[in-house]
There are 2 protein chains.
Amino acid sequence: MRQTDAIAEKLNKAGLRPTAQRLALARVLFDGGDKHVSAESLFEDVAKSGLSVSLATVYNTLHQFKAAGLLRELAIEGDRSYYDTNTSNHFHFFNEEDGALMDIDPTTLKIIGLPALPKGKVIDRIDVIVRVKKA
Amino acid sequence: MRQTDAIAEKLNKAGLRPTAQRLALARVLFDGGDKHVSAESLFEDVAKSGLSVSLATVYNTLHQFKAAGLLRELAIEGDRSYYDTNTSNHFHFFNEEDGALMDIDPTTLKIIGLPALPKGKVIDRIDVIVRVKKA
DNA sequence: TTACATGCAAACTGTTTGCAAATAT
DNA sequence: ATATTTGCAAACAGTTTGCATGTAA
């Protein structure tokens, strides 16, 4: 299967052995569109896909994927971590009623007038969360 | 004392009884400059100021102050909640090395090109976190 | 006097970790 | 063969809650 090979290759490039669990998680995460997952939601999604992966391994793997630059962590709410499969520069809509996240294309949204940075600092990244609710 | 009266008045306006604990917490929080606190840091700060307030009451009070619009909650990192005494529209620098937060004046920083909102939604607020690190 | 607030300890949630068994190279 | 990965269960951190006691109005 082409798809599986590409994903195994992706793990190899990241220096991660393509084990059954990592492949299963990576297939769910990187099957195409941009995804926003929590450990719990990923745990459920991968369970549906056949192979069951323990929750501890889901957490470990999210950390490894993040360290390898395959995922970005999002701070949305204090009680849960979210991971974004889109690691390039972009922003988010957050629906406060149902917790849904939507990407905002960074070519349309611009930030201007950023003040001088604190001395000796550089920007790591800029997070923008547009929190929306029912009108 | 002028200060205490102003703070008691503030609690009254918010519909909160000015108890000893709430007054002690409010004095630490609203003594002038903008503050960014966690439950733990506020717990320590109020202890230094004399009256000891239980950690449970610190949590309860943070929720009440937030519900009353006296504080705003910030999502910075997944493992801890921060509260900001500045509830007006503004943005933040976050120092990834030491966890320090600094306000960014919203009159200089502007966001332009915000795409259309999802149908039937309005903006609750926009969070901008400029994450900085050592150069 | 009555409703509300507090403090303690226990419960709870999301996350991390130690270690023995399983797997990739 | 060797180092890495997995899964379980136990540990952990931050937060919330139940309930008896204390306090404000």
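Keep in mind that the numbers below use all heavy atoms, side chains included, and drop hydrogens, waters and symmetry copies. Chain naming here is simple, since letters A, B, ... match the order of the sequence lines and numbering starts at 1 in each. These figures come from a predicted structure and were not determined experimentally.
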Nearest to the side chain of [X] - [options]?
X	options	answer
A/R17	D/dT5, D/dT16, D/dA25	D/dT5
B/A56	C/dT17, C/dC8, C/dT6	C/dC8
B/A39	D/dT15, D/dG7, C/dT25	D/dT15
A/Y59	D/dG14, C/dG14, D/dA25	C/dG14
A/T19	C/dT6, D/dT6, D/dA25	D/dT6
B/R22	C/dA5, D/dT6, C/dA9	C/dA5
B/V53	C/dA24, C/dG7, C/dA5	C/dG7
B/Q21	C/dA3, C/dT15, C/dT6	C/dT6
A/R80	C/dG14, D/dC8, C/dT6	C/dG14

Quiz question: by atom type and distance under 3.5 Å, do the side chains of [X] and [Y] form a donor-acceptor pair?
X	Y	result
A/H92	A/D127	no
B/H90	B/D84	yes
B/D103	B/H36	yes

May I have the distance from [X] (atom [atom1]) to [N] (atom [atom2]), rounded to whole angstrom?
X	N	atom1	atom2	value
B/E40	D/dT15	CD	P	8 Å
B/L62	C/dT6	CG	P	12 Å
A/L23	D/dT6	CG	C1'	14 Å
B/L51	C/dA5	CG	C1'	13 Å
A/I76	C/dG14	CD1	C1'	17 Å
B/L55	D/dT17	CG	C1'	13 Å
B/Y82	D/dT15	OH	C1'	15 Å
B/Q64	D/dA24	CD	P	15 Å

When you measure from the side chain of A/K35 to the backbone of A/V28, do you find a donor-acceptor pair of N or O atoms at a distance under 3.5 Å?
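Yes.
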
Are any side-chain N or O atoms of A/T85 and backbone N or O atoms of A/F30, one a donor and one an acceptor, separated by less than 3.5 Å?
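Side chain of A/T85 to backbone of A/F30: no pair is present.
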
When all nucleic acid strands are considered with a 4.0 Å heavy-atom cut-off, which category describes A/N60: base, sugar-phosphate, or nothing?
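The residue A/N60 makes base contact.
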
Classify B/S81 by what it touches in the nucleic acid, base, sugar-phosphate, or nothing, heavy-atom distance under 4.0 Å.
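The residue B/S81 makes sugar-phosphate contact but no base contact.
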
Does B/S54 put a side-chain nitrogen or oxygen below 4.0 Å from OP1 or OP2 of C/dG7?
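Checking B/S54 against C/dG7: at least one side-chain N or O falls below 4.0 Å of OP1 or OP2.
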
Do you know which of B/R131, B/E97, B/K133 makes side-chain contact (heavy atoms from CB on, under 4.5 Å) with A/K121?
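For A/K121, the side-chain contact (heavy atoms from CB on, under 4.5 Å) test succeeds with only one of B/R131, B/E97, B/K133, which is B/E97.
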
When you match B/A20 and B/Y83 each to their closest nucleotide on DNA chain D, which lands nearer the 5' end?
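Nearer the 5' end of the strand: B/Y83.
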
